[in-house]
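Positions are given from 1, in the same order as the sequence printed here.
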Amino acid sequence: QVQLVESGGGLVQAGGSLRLSCAASARVFSSHAIGWYRQVPGEDRRIVAAISWNGINTYYADSVKGRFFISRDNAENTVYLQMNSLKPEDTAHYYCAARWHTTAQGMSDLPTGNGMDYWGKGTLVTVSS
């Protein structure tokens with residue numbers, strides 16, 4: 001069955017905001033760290049942000065620090081990525097991924113997403129200049 005489902009992508013002007021959602025099954029949400037990755041054609045998938053399985057710590061790539069914020073909603077089994085001050089270079093397919101009992105730092109040690117247990121199908125974010 002489907003374990004992770006992303007939503008919230010779309011077209012936005014530079015400087016605008018979007019909030020991505022990653023809905024997880026209860027079993028995955030309670031025991032897995034969740035990371036957001038993005039990929040543009042011709043380039044490797046790269047980590048954007050991550051939150052530990054227990055929500056205690058977070059990680060952000062340098063390119064999004066101070067603009068993107070990751071959070072977990074335990075009641076909704078959902079991880080959110082709030083994206084502010086969007087730039088054209090943020091345009092990409094965004095994917096969420098889950099890894100069992102991992103810290104945010106542990107997720108950052110897997111910057112291209114190798115070793116994830118589950119992946120969503122992705123959502124497209126397009127930022128126009």
Side-chain angles (χ1 to χ4, degrees):
Q1 67 260 33
V2 176
Q3 306 288 352
L4 299 173
V5 179
E6 303 96 336
S7 61
L11 173 65
V12 64
Q13 288 188 330
S17 298
L18 282 175
R19 189 179 76 162
L20 304 184
S21 300
C22 175
S25 66
R27 180 182 65 83
V28 170
F29 186 84
S30 64
S31 60
H32 286 63
I34 302 291
W36 282 98
Y37 294 77
R38 66 187 182 188
Q39 187 172 26
V40 298
E43 297 184 13
D44 289 337
R45 179 177 53 204
R46 302 294 298 185
I47 191 169
V48 174
I51 189 164
S52 59
W53 69 275
N54 55 11
I56 289 178
N57 48 61
T58 57
Y59 164 82
Y60 297 95
D62 288 343
S63 59
V64 306
K65 278 182 182 176
R67 300 189 298 123
F68 289 14
F69 301 93
I70 191 169
S71 61
R72 298 175 71 109
D73 185 328
N74 293 336
E76 298 293 330
N77 292 339
T78 299
V79 171
Y80 298 102
L81 184 68
Q82 178 67 41
M83 306 187 296
N84 301 324
S85 302
L86 282 161
K87 304 176 181 179
E89 51 264 45
D90 294 318
T91 294
H93 278 94
Y94 284 72
Y95 301 87
C96 64
R99 182 174 168 88
W100 186 79
H101 256 252
T102 303
T103 64
Q105 181 62 50
M107 295 289 276
S108 73
D109 291 337
L110 301 167
T112 59
N114 290 334
M116 296 297 114
D117 298 317
Y118 304 101
W119 285 94
K121 292 186 176 181
T123 185
L124 177 62
V125 172
T126 304
V127 184
S128 63
S129 57

message: Below 30° counts as parallel, above 60° as perpendicular, anything between as tilted: where do the rings of Phe69 and Tyr60 land?
response: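 Correct class here is perpendicular.
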Which distance, rounded to the nearest 0.5 Å, do you find between the [atom1] of [X] and the [atom2] of [Y]?
{"X": "Arg72", "Y": "Asn77", "atom1": "CZ", "atom2": "CG", "value": "9.0 Å"}
{"X": "Tyr94", "Y": "Leu124", "atom1": "OH", "atom2": "CG", "value": "9.5 Å"}
{"X": "Ser30", "Y": "Asn74", "atom1": "OG", "atom2": "CG", "value": "9.5 Å"}
{"X": "Asn114", "Y": "Asp109", "atom1": "CG", "atom2": "CG", "value": "12.5 Å"}
{"X": "Ser17", "Y": "Phe68", "atom1": "OG", "atom2": "CZ", "value": "9.5 Å"}
{"X": "Asn54", "Y": "Ser31", "atom1": "CG", "atom2": "OG", "value": "11.5 Å"}

Can you give me the closest heavy-atom contact between [X] and [Y], atom names plus distance?
{"X": "Ile47", "Y": "Ala50", "result": "CD1-CB, 4.1 Å"}
{"X": "Thr78", "Y": "Ala23", "result": "OG1-CA, 4.0 Å"}
{"X": "His32", "Y": "Ala98", "result": "CB-CB, 3.8 Å"}
{"X": "Trp36", "Y": "Leu20", "result": "CH2-CB, 3.6 Å"}
{"X": "Ile34", "Y": "Cys96", "result": "CG2-CB, 4.3 Å"}
{"X": "Ser129", "Y": "Ala14", "result": "CA-CB, 4.4 Å"}

[X] side chain to [Y] backbone, donor-acceptor under 3.5 Å:
{"X": "Arg99", "Y": "Gly35", "answer": "no"}
{"X": "Thr58", "Y": "Ile51", "answer": "no"}
{"X": "Thr102", "Y": "Trp100", "answer": "yes"}
{"X": "Gln39", "Y": "Ala92", "answer": "no"}
{"X": "Arg27", "Y": "Gln3", "answer": "no"}
{"X": "Ser21", "Y": "Ser7", "answer": "no"}
{"X": "Arg45", "Y": "Thr112", "answer": "yes"}
{"X": "Gln82", "Y": "Arg19", "answer": "no"}

Is [Y] reachable from [X] through a run of hydrophobic residues whose side-chain heavy atoms are each under 4.5 Å from the next?
{"X": "Met83", "Y": "Val127", "answer": "yes"}
{"X": "Tyr37", "Y": "Val64", "answer": "no"}
{"X": "Trp119", "Y": "Val125", "answer": "no"}
{"X": "Tyr95", "Y": "Tyr59", "answer": "yes"}
{"X": "Leu81", "Y": "Phe29", "answer": "yes"}

- prompt: After noting the C-alpha distance and the side-chain angles of Asp90 and Lys87, does the key distance pass the salt bridge (charged side-chain N to carboxylate O under 4.0 Å, His left out) rule?
  reply: CA-CA 5 Å; Asp90 294 318; Lys87 304 176 181 179; over 6 Å; no
field: Validation row: Met116, Met107 side chains within 4.5 angstrom (heavy atoms)
entry: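 Side chain of Met116 against side chain of Met107, heavy atoms only: contact under 4.5 Å found.
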task: Would you check if Ile70 and Val79 make a side-chain contact, meaning some heavy-atom pair closer than 4.5 Å?
output: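 Yes, at least one pair of side-chain atoms sits under 4.5 Å.
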- prompt: Per the side-chain contact (heavy atoms from CB on, under 4.5 Å) rule, which among Arg38, Glu89, Arg46 passes with Ser63?
  reply: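 Exactly one candidate clears the test, Arg38.
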